[in-house]
Amino acid sequence: MPVIAVLGAQWGDEGKGKVVDQLAAEARMVIRFSGGDNAGHTVINAHGEFKLHLVPSGIFSQATCLIGNGVVINPARLIEEVDQLNKRGIDTSRLVISDRAHLVMPYHLLLDGLEEESRADRAIGTTKRGIGPAFTDKVARMGIRAGDLLDQKAFKYRLQSVLDYKNTILTRVYGVSPLSLEEIYGQYCQYGERLAPHIKETTTLIREALVRDDYILLEGAQGALLDPDFGTYPYTTSSSPLSGGACLGAGINPKQIDRILGVFKAYCTRVGSGPMPTELHDEVGQAIRERAHEYGTTTGRPRRCGWFDAVAAAFSSQINGFTGMVITRLDVLDTLPGLKICTGYRLNGKTIGYFPASIADLEKCQPIYEELPGWQTETSHIREFARLPAEARRYVNRLEELSGCPANIICVGPSREQTIQVRPVI
Ligand code: IMP
């Protein structure tokens, strides 16, 4: 059975939760491999509507759900999420947390807010979940990992040395009160006791699953254009949402991934600051936002909406190696008389077909559009590709051509059954 990565192909919020929930019905293991509780994966199935931030979207199936080493975990938020799921009758006993996953600590949350404030009009627009500071500490070798909670004495020793440093920054740079070692220690020991049964060495579990030839899903968070290397840096997140990030964040080697699915919305959205060449500031953008209820799952912020950017899509496909695309929210475009797809950019009087590294250049890029007729017919009840209006099929075919990969799945609504299987994923 295959290992399939399900990845955000744009700026996040593409609908990965729905796709993973659906594919997980057959899977034996689902691994979240990046980000933290900045993610908000919406799942609507027979159990109801759920907004998951850390728990993998496979939790409704029989699959083992693993939070990989590449995720940063706020234990308070994870416990809250598990409690909410249990209250609604969802079994979370199959949840496994990598002992190598780093923890979001109270100073990370504080520093995320303070750093954003100090950036003033250049703020990134982070989710303020402490994600950037937690990944900063991981790389600076100052992080505290889930496995550290299992040895309270060693944890206290480590926390003390890190907190001494953090309190110096908090008091001397930002002029705020220091944090209490005893308070954080006490709180995190409680979290540790609660989460201990789930914290495990996960590479062994994954190796055993691979030996059994289990069907494994790798669940991405955020999207390729928020990648710190290839996204619109510095307006990005802090961990890699790419297929390469899936290898690192789960502990799977590149040869073991069989399929890489890029999840694209049928248009583009972005939340937070940073360039977005096809952003619409008019009534069409507003209409898309309201029809699709484009407001952040984690922060509630209105999402910026725009036409499908095929330059960015081809770039995302190239750096991820997509074997197929999932196109979500096609039904959102049902009411529009005409559609536009960005096929190139005008930059300093020249036409370019690549996604520039420089945000100053990207901000200057004027989209070159190809116009296609709309279909102005409801599609949310359609379950077969051949039954879509001809204009909708043409639109999908054009997205496939320009992005360089075939469509496997099209979503025409939020629930599991509002799905068109174009080509089998496996
Ligand atoms: P951070 O990940 O909270 O540091 O935020 C950095 C940037 O990534 C901001 O522009 C956020 O809005 C964006 N971002 C982070 N997580 C998500 C997500 O799950 N969906 C969409 N945007 C996100």
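Index from 1, following the sequence. Just follow the structure's listing: the first ligand is 1, and inside any ligand the first atom is 1.
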Query raised in the report: Measuring from each atom of ligand 1, which residues have a heavy atom under 4.0 Å away?
Result: W11, D13, N38, A39, I124, G125, T126, T127, Q222, L226, T236, T237, V271, G272, R301
Query raised in the report: Can you tell me how far NZ of K128 sits from OG1 of T299, rounded to the nearest 0.5 angstrom?
Result: 10.0 Å
**Report entry** Partner of E294 under salt bridge (Lys or Arg N to Asp or Glu O under 4.0 Å), chosen from R289, K265, R304
**Finding:** K265
Which donor-acceptor pairs under 3.5 Å do the side chains of residues 351-360 make with protein atoms, sequence neighbours left out?
unit_1: T351; atom_1: OG1; unit_2: R346; atom_2: NH1; d: 2.8
unit_1: S358; atom_1: OG; unit_2: A360; atom_2: N; d: 3.2
unit_1: S358; atom_1: OG; unit_2: D361; atom_2: N; d: 3.0

Query raised in the report: Within a reach of under 6.0 Å around CZ of R416, are more than 12 heavy atoms found that belong to other residues, nucleotides or ligands?
Result: yes
Query raised in the report: Parallel under 30°, tilted from 30 to 60°, perpendicular over 60°: which one fits the rings of H293 and Y295?
Result: tilted
Query raised in the report: Can the ring centroids of Y369 and F308 be said to lie less than 6.0 angstrom from one another?
Result: no
